[in-house]
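Each ligand, and each atom within it, is numbered from 1 in the order the structure gives.
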Amino acid sequence: MLLSREIYSFLKSAGNNSKLIFTKKREVFTNFYTCANNAARVSFKLSDIGEGIREVTVKEWFVKVGDKVSQFDEICEVQSDKASVTITSRYDGIIKKLHYEIDQIAPVGKPLVDIEVEGDETEEPAPTEIENKDKKSKEEKIADKPEHNRANEEILCIPSVRRLAKEYKLNLSKIKGTGKDGRILKEDILKYLNIESDEAQMQIKPSKPTFGDKTEPIKGFQKAMVKTMTASLKIPHFVYGDEIVVTKLSQLRKTVKKLPQSKDVKLSFMPFFIKAASNALQRYPIINATVDENCENVTYKTEHNIGIAMDTKMGLAVPVIKNVQKLSIIEISNELNRLITSGRDGTFSTEDLSAGTFTISNIGAIGGTYMKPVIMSPQLALIAMGASQILPRFDEFNNVVAEEILHLSGVADHRIVDGATMARFVQVLKKQIENPYLLFLNL
Ligand code: COA
């Protein structure tokens, strides 16, 4: 157990069974009182997760009252408006109280669980009880735990998958995970159950007939959307649109797809647009700047951290590809695909979702020609692409030719960026996309 020497001797001198009001020594030891046989009850608080997160939603408990836990055992899964985080124990002890129900909001700094710890150890608590899902590999997690404890809760998967497994009383260790680091995906469970069609998937959770209106709290990523979009609409926006001929780019993608060495490469339009945007940002640094809340200072960012608006199972998320100016198109593609997988599995880290300096939204992946996007404050600009279409256009000899075209909308903060600068930025990007050799040469 985990009492500091000072605290422990204080407890001992107070004697068994005595109620003890404890002055704050370390934050984790507040709300501390003794129980019988040197056991003490600690209120284990939700620590600061960073990124200005003030509260989280409890998504799943991995323990119940009466369970014995050891340090690093997973206690619960919480979801902030930025990421999903697994909380692990700092203590060896017995769970005495869970402070929240599933889907309740837990504020940072308030007790999450009460744990009864044995009072005869003098070690300091392990420094962190919060573990971003991506930080530990499955192997490390398993190695942390005693053999007898290995069970369903140690296997990597998101809470909804764990719930599904529980519902069907499945032993997760028997299911082969095909996600990152062997993570078990919903598809793996369905495959295991031999239910693969969409129709069959729907049978798993028949939607209950609804009677009347339903009100539910706004949580998680949706809550983030409330915050960012409300801030966004305080900004005077202007929108600038143009069409981009992607015929040559499409041809290039088809050629690359046929190459044997690109067998494992998934190369959509996005990595090219991301690279072209970064090349254009080099020429117009004001587009890659941020502004402070009172609109008094502009900060020009050296890194091109490009956020990608992404339609994920949890709702709209904007994960960020960092330092695009240093990445090749293949590296951008790999990073994009990693983020798409994280979006699908619900495993973004806080780092994945922060520090964006410019954003791209490809709504065309879903469909639709035009879009009027809004800025992600404190960024100053964003571009959105519609779906490409084959349309008739005139060539240089006035012949009608079939071209693949998509519409691009650029939006900027008109307090800081003028229309001419945004137009020039988009024109550089357009030229590079329409003539991919210029993109590779960055001309
Ligand atoms: N026009 C035509 N086809 C497009 C397209 C476009 N603008 N964008 C993508 N496609 C095609 C791709 O080429 C791919 O087809 P292929 O496999 O035959 O090459 C297919 O659509 C699927 O693309 P996708 O796997 O979605 O990859 P992507 O890299 O193009 O896009 C995301 C990735 C994350 C941007 C996209 O999946 C997404 O979530 N878009 C929605 C963004 C959103 O919600 N914006 C609104 C913000 S309010």
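For ligand 1, the polar-atom distance check against Leu406 finds no nitrogen or oxygen pair separated by under 3.5 Å.
Side chain of Asp188 to main chain of Thr178: a donor-acceptor pair is present (N/O by atom type, distance under 3.5 Å, no hydrogens or angles). Using a distance-only test at 3.5 Å, with no hydrogens or angles considered, no donor-acceptor pair links the side chain of Lys322 to the main chain of Asp352. Remark: side-chain polar atoms of Glu404 are not paired, donor with acceptor, to backbone N or O of Ser388 under 3.5 angstrom. The backbone N or O of Leu98 lies less than 3.5 Å from no partner atom in the side chain of Lys64, so there is not a single donor-acceptor pair. Here the side chain of Arg415 pairs no donor or acceptor atom with the backbone of Pro236 at under 3.5 angstrom. The backbone N or O of Val256 lies less than 3.5 Å from a partner atom in the side chain of Ser262, making a donor-acceptor pair.
If you check which protein heavy atom lies closest to atom 45 (N) of ligand 1, you get Ser361 OG, 2.9 Å. Atom 28 (P) of ligand 1 has Ser268 OG, 3.3 Å as its closest protein atom, hydrogens excluded (heavy atom only). In terms of protein heavy-atom proximity, atom 48 (S) of ligand 1 is closest to Met371 CE, 3.8 Å. Nearest protein neighbour of atom 17 (O) of ligand 1, counting heavy atoms only, is Lys257 NZ, 4.3 Å. Residue, atom and distance of the protein heavy atom nearest to atom 34 (C) of ligand 1 are Met310 CG, 3.5 Å. Given atom 42 (C) of ligand 1, the protein heavy atom at minimum distance is Ala309 O, 3.3 Å. Atom 3 (N) of ligand 1 has its closest protein heavy atom at Phe269 CE1, 4.1 Å. Of the protein's heavy atoms, Ser388 N, 2.9 Å lies nearest to atom 1 (N) of ligand 1.
Aromatic rings of Phe425 and Phe358 (six-membered ring for Trp) have centroids within the 6.0 Å cut-off, being under it.
The distance from ligand 1 to the heavy atoms of Gly386 drops below 4.0 Å at these ligand atoms: 6 (C), 7 (N). Which parts of ligand 1 touch Arg253 is read off a 4.0 Å heavy-atom cut-off, strictly below it: atoms 13 (O), 16 (P), 19 (O). Listed by atom number, the atoms of ligand 1 under 4.0 Å from Ile366 heavy atoms are 41 (C). Applying the 4.0 Å criterion to heavy atoms of Leu336 picks out, from ligand 1, the atoms 29 (O). Close approach to Leu316 involves these atoms of ligand 1, each under 4.0 Å from a residue heavy atom: 47 (C). Listed by number with element, the atoms of ligand 1 under 4.0 Å from a non-hydrogen atom of Met270 are 28 (P), 29 (O), 30 (O), 31 (O). Counting atoms of ligand 1 from 1 in the listed order, those under 4.0 Å from a heavy atom of Ile363 are 43 (C), 45 (N), 46 (C). Ligand 1 places these atoms under 4.0 Å from at least one heavy atom of Lys266: 24 (P), 25 (O), 27 (O).
In this structure, atom 14 (C) of ligand 1 is not in close contact with the protein, since no protein heavy atom lies within 4.0 Å of it. Within a 4.0 Å radius of atom 23 (O) of ligand 1, the protein contributes no non-hydrogen atoms.
Put simply, the side chain of Gln389 does not reach to within 4.5 Å of the side chain of Ile405, judged on heavy atoms. Considering only heavy atoms from C-beta on, Asp345 comes within 4.5 Å of Arg183 through its side chain.
Screening His407, Lys430, Arg393 against Glu243 for a side-chain hydrogen bond (donor to acceptor under 3.5 Å, both in side chains) leaves a single residue, Arg393.
Screening residues 288-304 for side-chain hydrogen bond (donor to acceptor under 3.5 Å, both in side chains), with sequence neighbours left out, gives Ser278-His304, Asn288-Thr357, Asp292-Asn297, Glu303-Asn305.
Within the set Leu267, Ile340, Ile360, the minimum heavy-atom distance to atom 33 (C) of ligand 1 is found for Ile340. For atom 37 (O) of ligand 1, the nearest non-hydrogen atom from the set Gly364, Ala365, Ala384 comes from Ala365. Around atom 40 (N) of ligand 1, the closest heavy atom drawn from Asp311, Asn362, Val374 belongs to Asn362.
Taking CG of Asn435 as the start and NZ of Lys248 as the end, the distance is 4.5 Å to the nearest 0.5 Å.
Side-chain contact, Gln325 with Asn323: a donor N or O sits under 3.5 Å from an acceptor N or O.
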